[in-house]
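Everything below concerns the one structure shown next.
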There are 2 protein chains.
Amino acid sequence: MTAQQAFQPIKQESTPTLIANQLRKFIANGTLAPGSQLVEMDIAGELGVSRGPVREAIQRLAQEGLVESIRNKGVFVREFGPDDLRDIYQVRTSLEKGASEILLAGDHAAAGEELLVCVERMDEARKADDLEAISEADLAFHERLVALAASPRLSRMHATLLTETRICLNRLEGSYEDESARVAEHRGIAEAIRDGEQALAMKRLDAHKDDALVRLVPAEHPTGQAF
Amino acid sequence: MTAQQAFQPIKQESTPTLIANQLRKFIANGTLAPGSQLVEMDIAGELGVSRGPVREAIQRLAQEGLVESIRNKGVFVREFGPDDLRDIYQVRTSLEKGASEILLAGDHAAAGEELLVCVERMDEARKADDLEAISEADLAFHERLVALAASPRLSRMHATLLTETRICLNRLEGSYEDESARVAEHRGIAEAIRDGEQALAMKRLDAHKDDALVRLVPAEHPTGQAF
DNA sequence: AGATACAACCTTGTCAACAATCATAGGAGA
DNA sequence: TCTCCTATGATTGTTGACAAGGTTGTATCT
């Protein structure tokens with residue numbers, strides 16, 4: 001061991017946390033399909049643990065809204081409808097506006113520059129024609145926007161909505177016809193924040209939300225079709 | 001049994017739900033003091049149940065942010081500091097602004113009238129010199145504002161913050177020097193919504209938040225003093 | 001007196017078993 | 001054939017016991 005190396009304190013994650021993280025991933029990527037039941041015994045058997053921590057993990061997901069727990073009946077992966085999608089994006093935008101206001105009240109130039117770095121990453125993914133990376137860079141932009149506000153509650157709530165957003169995006173097909181429009185929208189938001197233009201930032205966040213909803217909500221069945 | 005009476009379906013609340021509700025109340029009213037440890041065995045003994053459902057109830061409160069769960073060490077009633085109070089009010093205001101925008105985009109006149117009913121209740125409590133009722137009517141106004149937006153996620157998130165707000169208010173002494181100013185602030189918000197004045201409503205919600213923080217955050221220790 | 005090691009105690013984390021609930025299938029009776 | 005009742009199976013909800021981790025107290029050594 002040299003002077004530059006040192007042992008690091010061990011931080012062991014709890015079993016329910018590890019299980020919840022796996023379940024969250026499987027729900028988001030569709031391995032656990034909408035409407036399907038999460039059976040404690042089955043999951044416990046596959047993971048080689050008892051039902052207790054599985055139960056705990058599942059209850060966490062229920063509280064996050066990713067699954068629906070019905071007493072004495074079971075736990076089911078939640079299905080989303082167009083109303084859910086609207087709600088998710090609506091509330092996300094409220095939180096992102098709140099974060100933007102905090103940034104605008106502080107060093108908005110530095111915040112804007114940092115968000116523009118996220119936009120560049122998004123642009124690189126666009127140039128590489130990597131749709132999955134674009135989508136993830138898109139969400140990373142929003143996550144960073146809220147994280148920069150340094151508000152624990154905003155970040156926690158926003159994280160829940162981002163998970164739900166990922167689930168919806170994985171289940172739907174919508175995308176931008178031209179990915180450079182997507183990049184431009186994010187750049188517009190970052191620039192408004194950098195330049196301290198509050199009203200413009202708010203307006204662009206709203207427009208970004210409206211644009212996403214037009215793309216994602218199936219036009220022929222605006223109130224139907226769970227996914 | 002007459003024609004107007006009928007048996008109602010029985011909806012049995014789960015044991016963890018009942019326990020969590022009790023614990024939430026005791027945390028809010030100070031029976032369970034900030035920093036104190038929630039011991040599963042003790043609570044289970046007092047309630048005459050096993051540790052399992054107590055554990056589940058406690059994990060719910062942890063996810064709501066009312067208690068802090070440290071692996072292998074225990075669960076402690078969360079202490080709040082001035083930063084927490086600012087965060088709570090900041091995020092609440094973001095959610096309330098989001099709700100207001102939804103109301104303003106719909107039948108804002110009806111929504112405003114309904115909020116004014118809440119204001120009248122608050123005024124009645126002021127006339128009765130009942131400080132506790134004023135405080136509860138105040139929170140009821142905000143709850144109603146968000147409920148009227150009919151956004152499940154807004155309501156769920158806002159409810160968590162209202163619980164936290166109650167806890168902070170119970171632990172702090174601040175109040176309005178003149179309760180009629182408090183009533184007037186709420187009336188101002190309701191009227192702006194009723195009249196469809198978005199910018200004014202946003203401005204008034206911000207001012208309401210700033211006013212509350214001035215009253216509640218101890219001026220001599222803006223960054224200290226957990227409660 | 002201070003530091004170290006070990007034992008005891010308290011509490012959390014997990015496990016396996018039993019109790020309770022719900023849904024389904026099969027059999028009996030009208 | 002249809003309806004009702006009972007049994008069975010699957011799963012959830014809870015319990016009590018054991019395993020694991022952390023803290024405190026006591027004894028011993030320097």
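Chain A is the first sequence line, chain B the second, and so forth, proteins listed ahead of strands; every chain is numbered from 1. The structure presented is a predicted model; accordingly, all values stated were derived computationally and were not measured.
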Residues B:Leu169, B:Arg166; criterion side chain to side chain contact (heavy atoms under 4.5 Å, CB included); working and verdict: CA-CA 5 Å; B:Leu169 293 183; B:Arg166 275 190 192 92; 5.8 Å; no
Identify whether the distance between the nearest side-chain nitrogen and carboxylate oxygen of B:Arg182 and B:Glu179 falls below 4.0 Å.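 Counted as a salt bridge, because a side-chain N and a carboxylate O are separated by less than 4.0 Å.
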Would you classify [X] as touching base, sugar-phosphate or nothing, given that sugar-phosphate means primed atoms plus P, OP1 and OP2, and contacts are heavy atoms under 4.0 Å?
X       : answer
A:Gly74 : sugar-phosphate
A:Ile58 : nothing
A:Glu56 : nothing

From the options [options], select the nucleotide whose nearest atom is closest to the side chain of [X].
X       : options                : value
B:Ser50 : D:dT14, C:dA23, D:dT12 : D:dT14
A:Pro16 : C:dT12, C:dT14, D:dT14 : C:dT14
A:Lys73 : D:dT23, C:dA23, C:dT12 : C:dA23
B:Asn72 : D:dT12, D:dT14, C:dT12 : C:dT12

Classify the side chain of A:Arg51 and the base of D:dG13 as holding, or not holding, a donor-acceptor pair under 3.5 Å.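 Indeed, a donor on one side and an acceptor on the other fall under 3.5 Å apart.
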Rounded to whole angstroms, how far apart are CZ on A:Arg71 and P on D:dT12?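 Interatomic distance, CZ of A:Arg71 to P of D:dT12: 14 Å.
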Rounded to whole angstrom units, what separation is found between the CG atom of B:Leu47 and the P atom of D:dT14?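 B:Leu47 atom CG is separated from D:dT14 atom P by 13 Å.
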Short side-chain donor-acceptor distance under 3.5 Å, B:Thr17 and B:Arg60: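 Their side chains do contain a donor-acceptor pair, which is all the 3.5 Å distance test asks for.
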No-hydrogen, no-angle side-chain donor-acceptor test under 3.5 Å, A:Glu96 and A:His158: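 Result is yes, a qualifying pair exists.
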Would you say B:Thr15 reaches D:dT14's phosphate, i.e. side-chain N/O to OP1/OP2 under 4.0 Å?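 Answer is yes, contact under 4.0 Å.
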